[in-house]
Protein chains: 2
Amino acid sequence: MNTTSPVREQILAHAVTLIMLRGYHGFSYRDLSELVGVKTSSIHYYFPSKDDLVLEAVNVYSSAALGAVHSIDSSLSAKEKLAAYTVGFATVLGEGDRICLCGMLAADMGSLPPNIVQAVQAFFRGNESWLAKVLAQGTKDGTLVVNGTSEQVAQTVFAAYQGSVLSSRLFQTKTRLEEVPAAWVVST
Amino acid sequence: MNTTSPVREQILAHAVTLIMLRGYHGFSYRDLSELVGVKTSSIHYYFPSKDDLVLEAVNVYSSAALGAVHSIDSSLSAKEKLAAYTVGFATVLGEGDRICLCGMLAADMGSLPPNIVQAVQAFFRGNESWLAKVLAQGTKDGTLVVNGTSEQVAQTVFAAYQGSVLSSRLFQTKTRLEEVPAAWVVST
DNA sequence: GTCTATATAGTGATAGAC
DNA sequence: GTCTATCACTATATAGAC
């Protein structure tokens, strides 16, 4: 059985949130210590180095987020899928003070070891390949305006989501994120 | 005469670069001290607090970047303006290890005082209002595909640029950034 | 597993001599 | 203006008792 320590899970959950709020350098073992209620040395017991912790946080976040994306009903129209994807992306904003953990770590890339960078890249690619399929579907049935290959445009669309979650937090409004799909959906 | 100290200018120039590389928490007065060749206490003479320094860095960067944008020949077509804008944005990538200073600080927002946040917001708005005019021009002459108001789509386009410069660095390729305008330019 | 205690290094910032 | 010297604090990390 894969019984995981509840303390370890608490540490990870708070680490995920703190990275989304303030990034790699913006939180410390002390912050986690106060949130979880154990000493910093206990956190080192579960995660010997900060990079170990952050890598695990990326894996937890990435599995959950990509899992949610892939659980979007495949029978939906391309337009409906994008709407569902947008709702999912809006969830990461939380109370309006968070951004995507992998977008944040992409910004912190200059301070990260290669294995974490690779995990962040995998998250980007996972989103882009799902979006590419949706764009191809929408191109086929004429409900989306896609200039270029679906793979290329999927990269731009995902970048628009990442940038929009950033500016939604910056301006304290969800509308910027919600307006993203409209840029590719054929007006009715 | 507004004669500025050359040491002060060196500090600022290196601060701008370091923020683009590693963000607000990712550089220190010691880093600047070694780069400029003065002691950290001398840096405090010019910039009493780190926030003073970062605010000035935003102003320097913002003036230069928005100045470059507004110096794009207004007689160009919308498509040509977007191409010139893309070239300008590609410049911030440097050797492929930098992202937009204001995009970086937007990610670091959770650690920044309100006056810096406002300066970053102003940079976003300045870019978006210029893009909105270009999109309106392209809508008028039919060379761009713009679904929605030019102001709304301009926010998505700017977000796509911010996200694409992030992923261009993440994957070490400029193509992601270069593909951004194609998503809105009418294929010929 | 969790703790106390500690090591080692880095941080922004200030006082005061020159 | 630039320096030396130093402060108070925080950071990640480790050793070893319980």
Side-chain angles (χ1 to χ4, degrees), chain A residues 1-19 21-58 104-105 107-117, chain B residues 1-19 21-58 104-105 107-117:
Chain A
M1 281 294 129
N2 193 351
T3 304
T4 309
S5 157
V7 171
R8 186 188 143 100
E9 284 185 3
Q10 274 189 75
I11 295 167
L12 264 177
H14 281 112
V16 166
T17 299
L18 286 172
I19 294 170
L21 288 169
R22 302 200 293 263
Y24 180 82
H25 295 102
F27 80 101
S28 67
Y29 274 55
R30 178 188 260 187
D31 295 327
L32 290 168
S33 166
E34 290 166 1
L35 286 167
V36 178
V38 296
K39 298 297 175 182
T40 61
S41 51
S42 298
I43 302 176
H44 279 285
Y45 168 78
Y46 294 102
F47 305 98
S49 80
K50 192 176 185 179
D51 288 344
D52 294 326
L53 171 59
V54 172
L55 180 60
E56 268 287 284
V58 174
M104 179 67 88
L105 291 182
D108 290 332
M109 182 195 174
S111 313
L112 299 176
N115 56 346
I116 296 181
V117 172
Chain B
M1 282 294 128
N2 192 349
T3 304
T4 309
S5 157
V7 171
R8 186 189 143 98
E9 284 185 3
Q10 274 189 74
I11 295 168
L12 264 176
H14 280 112
V16 166
T17 299
L18 285 173
I19 295 169
L21 287 170
R22 301 199 294 263
Y24 180 81
H25 295 102
F27 79 101
S28 67
Y29 274 55
R30 178 189 258 184
D31 295 327
L32 289 168
S33 166
E34 290 166 0
L35 285 167
V36 177
V38 295
K39 297 297 175 180
T40 61
S41 51
S42 298
I43 302 176
H44 279 285
Y45 168 78
Y46 293 103
F47 305 98
S49 78
K50 192 176 185 180
D51 287 343
D52 294 326
L53 171 59
V54 172
L55 179 60
E56 269 287 284
V58 174
M104 179 67 88
L105 292 182
D108 290 333
M109 182 196 175
S111 315
L112 298 175
N115 57 347
I116 296 181
V117 172

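A, B, ... follow the sequence lines: proteins, then strands. Residue 1 opens every chain. Small disclaimer: the values here were computed from a predicted structure and weren't measured.
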Item to check | Within-4.5 Å side-chain heavy-atom neighbours: A/R22 and A/D31 | outcome: yes

Checklist entry - What parts of residues 40-48 of chain A reach DNA chain D, counting only heavy atoms under 4.0 Å away? => result A/S41, A/H44, A/P48

Item to check | Sub-4.5 Å side-chain heavy-atom contact between B/I43 and B/V36 | outcome: no

Next on the checklist: Test side-chain contact (heavy atoms from CB on, under 4.5 Å) on A/L12 and A/T4; report intermediate values, then the result.
Outcome noted: CA-CA 11 Å; A/L12 264 177; A/T4 309; over 6 Å; no

Checklist entry - Is the NZ or CZ atom of B/K50 both under 6.0 Å from the centre of the six-membered ring of B/F27 and within 45° of that ring's axis? => result yes

Checklist entry - If only atom types and distance count, is the side chain of A/Y46 paired as donor or acceptor with the main-chain N or O of A/L53 below 3.5 Å? => result no

Checklist entry - Would you say the side-chain atoms of B/D108 pair up with the backbone N or O of B/Y24, donor to acceptor, closer than 3.5 Å? => result yes

Checklist entry - To the nearest angstrom, how far is A/K39 atom NZ from D/dA11 atom P? => result 14 Å

Checklist entry - A/S49 near the nucleic acid: base, sugar-phosphate alone, or nothing, with a heavy-atom cut-off under 4.0 Å? => result sugar-phosphate

Checklist entry - Shortest non-hydrogen contact from A/H14 to A/L32? => result CB-CD2, 3.7 Å

Next on the checklist: Can you list, in residue-number order, the parts of residues 25-32 of chain B that come under 4.0 Å of DNA chain D, counting heavy atoms only?
Outcome noted: none

Next on the checklist: Taking only side-chain N and O atoms of B/K50, does any of them lie within less than 4.0 angstrom of OP1 or OP2 on C/dG12?
Outcome noted: yes

Item to check | A/Y29 side chain vs A/K39 backbone, donor-acceptor pair below 3.5 Å | outcome: no

